[in-house]
Amino acid sequence: MTIGQLRELQRCCLRATLSLSQLVSIFGSLFKILTNFLGFKVSKPAHFLGINPAAPEVMHIDLNSAFAMTEQQANPFLRGRPVGVTNRLSDYAICIATSYEAKRAGIVLGTRGPEARMRAPNFVMRESDPAKYQYVHRKMRQIFESYSPVAYMKSVDEGIIDFRGMGPVLKGRSLEDIAMEIKARVQAEVGDWMTVNIGIAQNRWLAKVAAGFMKPNGLYVIDADNLEMVYHMMELTDLPYIKARNKTRLNEAGIFTAHQFFLAPERVLTKRVFRSINGHHWYLKLRGYETEVEYGIRTVGRSYVLEHRTADPEELAMLFHKACHKLAWRLKKNDFAARGLSLNLGYAAAPHKKANWGRRAGWHERQMWKVAVRRGDELFARTMQLFGHSPAGQVVSSLFITAYGLEPAKLDQPTLFEDWHTKKERVEEAMNAVNLRYGEHTLVPAAVAASKNPMKDKIPFGSIRYFS
Amino acid sequence: MTEERDDPVSVVASFTPGRGAVCVIPHKIKWRGQLYSLGEMGLYHPAKKGSKWMHVFEFSVRENPMTFRVELDPEDLSWRLKEVFYES
């Protein structure tokens, strides 16, 4: 039975008005019976590390089709209809998120508006509204934080609640029961159209696997008893973080299924597949041991997809200037200065050098300096230095500037007489104060005021660190 | 079809004290000389505009198959219609 068949079975059961808790117990029993019946006992080498026997106490909550569902919540006419969300509404806009109804009609990420309307005539495209998604994010975080001191959002639409060590507080209450309560609270406190997938397991990665197991509106628990069965039912690319590149690496080592991945010796993962400590981490996380470490802020970046693609160096310089001011704002907010800067350009045509991000044709360059900076004009000067090495005449479609090598911003030695550096600091502080009061881009450097590209904030897909 | 607007509108709203905050619900909205009454509230959410938090309400109306997005400015308590969605 594949995941697709399972999901279809779940939909059929839902139509037959079975509750989720009933479904979970049915599937749990089914897995146990199947495991016992089929006897999935594969001979393992003596050095094989067993599955983590700890109780599943980590909960992963994932909002279903978050952006599209939030749009459906906001507009009652969109409910039950195929909906797509795009960053800028135009005739040829691409879906960056789709509702479940759209997915069922074959409309996926990257589908253009006209094609989507051909597939589903009642398809509606909406422009993304980050304020709405941030609100939903904050509400979800509030709900999660009311259950455990170790609760946090991993991204805009998914969060973790860690119940490890909370046994006495739970007083025998099961995590399935809490999960059902969370589902009800999300509907009551965020919106009645909002549904979440919940997964419970021994570590965060497995909890994410469990959450993706019975979409939409699912609840699934992975423990030491059913873990191997779960791997038997999954493809390699069903596993979180295993996409085309990692799949190729695994295939090259003779690993073609999720279960073979689970059985692979640590040495193979470390030396042949991932060729780094990542192999060891995969070996552990596949068995339910915790490996994920939360790092603080290590980079600060600003990316932008150009509305008006251009090869004009002056227009590009204006965009760099704008992006650097945003970057400076973010560095200042977190009290950082950056020594390193990286510039990635995505090209609309004629690739010069393959960039490392995605499969887009583009160019990238990075450099580390001895002195850390944090002012917009200093970052801009360094960006232009990097840009000077890029091939001329390329039509740029996207840009991504990242500040790395972050260190705490040092207070400058006060001087008796104001120098140019102090003056520039004060000008930037004054500009920031005005923008904070009246809104972003109220005051911009004269050099960027003529830019045709507005560079508005759009959906922060990955990071949520700028939300707080 | 979506139409972006930025029109000042008159709104009849209720302000009910709740748990730690006042619950505001717009009931009637007068736009282009016509009165519309609240059908179903879709979503309320705050949106930052400079140092202000604007209150944004998205709801359907009873009279026509359409939804409104209206914004309440907390400083001067003025309402503006920001978007109209026509169901087609």
Side-chain angles (χ1 to χ4, degrees), chain A residues 66-67 69-81 83-86 88-90 93 113 117 121-140 142 187 189-194 432-443 456-457 466-468, chain B residues 1-6 16 18-21 23-27 29 31 36-76 78-88:
Chain A
F67 305 128
M69 190 173 277
T70 306
E71 292 300 334
Q72 289 176 318
Q73 174 61 47
N75 186 339
F77 289 117
L78 301 182
R79 297 178 192 174
R81 280 174 68 167
V83 174
V85 175
T86 186
R88 282 171 192 88
L89 216 46
S90 70
R117 273 180 280 277
N122 60 344
F123 173 80
V124 179
M125 186 78 101
R126 298 284 290 162
E127 189 166 303
S128 64
D129 184 354
K132 225 181 275 175
Y133 314 140
Q134 284 182 24
Y135 167 74
V136 171
H137 169 93
R138 280 196 297 271
K139 292 296 283 183
M140 286 187 44
Q142 279 170 13
Q187 290 194 318
E189 295 173 34
V190 185
D192 52 2
W193 190 256
M194 311 298 280
N432 286 342
V434 170
N435 287 337
L436 194 63
R437 174 74 181 85
Y438 295 101
E440 206 182 351
H441 303 314
T442 303
L443 274 186
K456 282 191 266 177
D457 270 351
Y466 309 123
F467 275 17
S468 52
Chain B
M1 190 191 77
T2 306
E3 190 182 312
E4 286 202 13
R5 314 283 317 177
D6 190 21
T16 315
R19 280 187 303 173
C23 174
V24 183
I25 298 175
H27 294 283
I29 173 168
W31 179 54
Y36 297 92
S37 44
L38 172 78
E40 185 181 346
M41 178 60 77
L43 190 73
Y44 153 78
H45 65 92
K48 204 161 194 317
K49 195 174 184 181
S51 61
K52 284 194 282 196
W53 282 98
M54 309 297 279
H55 301 280
V56 184
F57 301 84
E58 298 195 34
F59 53 88
S60 63
V61 292
R62 282 197 204 138
E63 289 73 11
N64 288 319
M66 57 206 277
T67 57
F68 286 148
R69 179 156 88 208
V70 293
E71 228 177 60
L72 169 65
D73 187 326
E75 276 188 2
D76 57 9
S78 64
W79 295 80
R80 294 190 88 82
L81 177 67
K82 303 299 283 187
E83 187 191 278
V84 183
F85 176 88
Y86 300 94
E87 163 70 341
S88 52

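This is a predicted model, so every value here is computed, not measured. Chain letters run A, B, ... following the sequence lines, proteins first and then strands; every chain starts at 1.
- Here the straight-line distance linking atom CG of B:Leu43 with atom CD of A:Gln72 works out to 12.5 Å at 0.5 Å rounding.
- Contact of the B:Lys49 side chain with the A:Tyr438 side chain is not registered, since no non-hydrogen atoms from C-beta on lie closer than 4.5 Å.
- The closest side-chain heavy-atom distance from B:Thr67 to A:Pro76 is below 4.5 Å.
- Neither the backbone nor the side chain of A:Val434 has a heavy atom closer than 4.5 Å to any heavy atom of chain B.
- Two residues are said to be in side-chain contact when any heavy atoms from C-beta on lie closer than 4.5 Å; A:Glu127 and B:Thr2 fail this criterion.
- Within 6.0 Å of CD on B:Glu4 lie no more than 12 heavy atoms contributed by other residues, nucleotides or ligands.
- Taking 4.5 Å as the limit, every side-chain heavy atom of B:Phe59 sits out of range of all side-chain heavy atoms of A:Asn75.
- Nearest heavy-atom pair, B:Pro46 versus A:Arg138, reported as atom, atom and distance to 0.1 Å: CG-NH2, 3.9 Å.
- Residue with the most contacts toward chain A among B:Ala47, B:Pro65, B:Gly39, B:Ser60: B:Pro65 (heavy-atom pairs, distance under 4.5 Å).
- Using the six-membered ring where Trp is involved, B:Tyr44 and A:Tyr135 have ring planes that are perpendicular, over 60° apart on the 30 and 60° scheme.
- At a 4.5 Å heavy-atom cutoff, the contact between B:Glu87 and chain A is made by side-chain atoms alone.
- Residues A:Lys132 and B:Arg69 meet the side-chain proximity criterion, which asks for heavy atoms closer than 4.5 Å.
- Taking all atoms of both residues into account, the shortest heavy-atom contact from A:Ala74 to B:Glu58 is CB-OE1, 3.3 Å.
- Neither the backbone nor the side chain of A:Leu89 comes within less than 4.5 Å of any heavy atom of chain B.
- Only the backbone of B:Met66 comes within less than 4.5 Å of a heavy atom of chain A; no side-chain atom from C-beta onward does.
- Ranked by heavy-atom pairs under 4.5 Å with chain A, the list B:Lys52, B:Glu83, B:Lys48 is led by B:Glu83.
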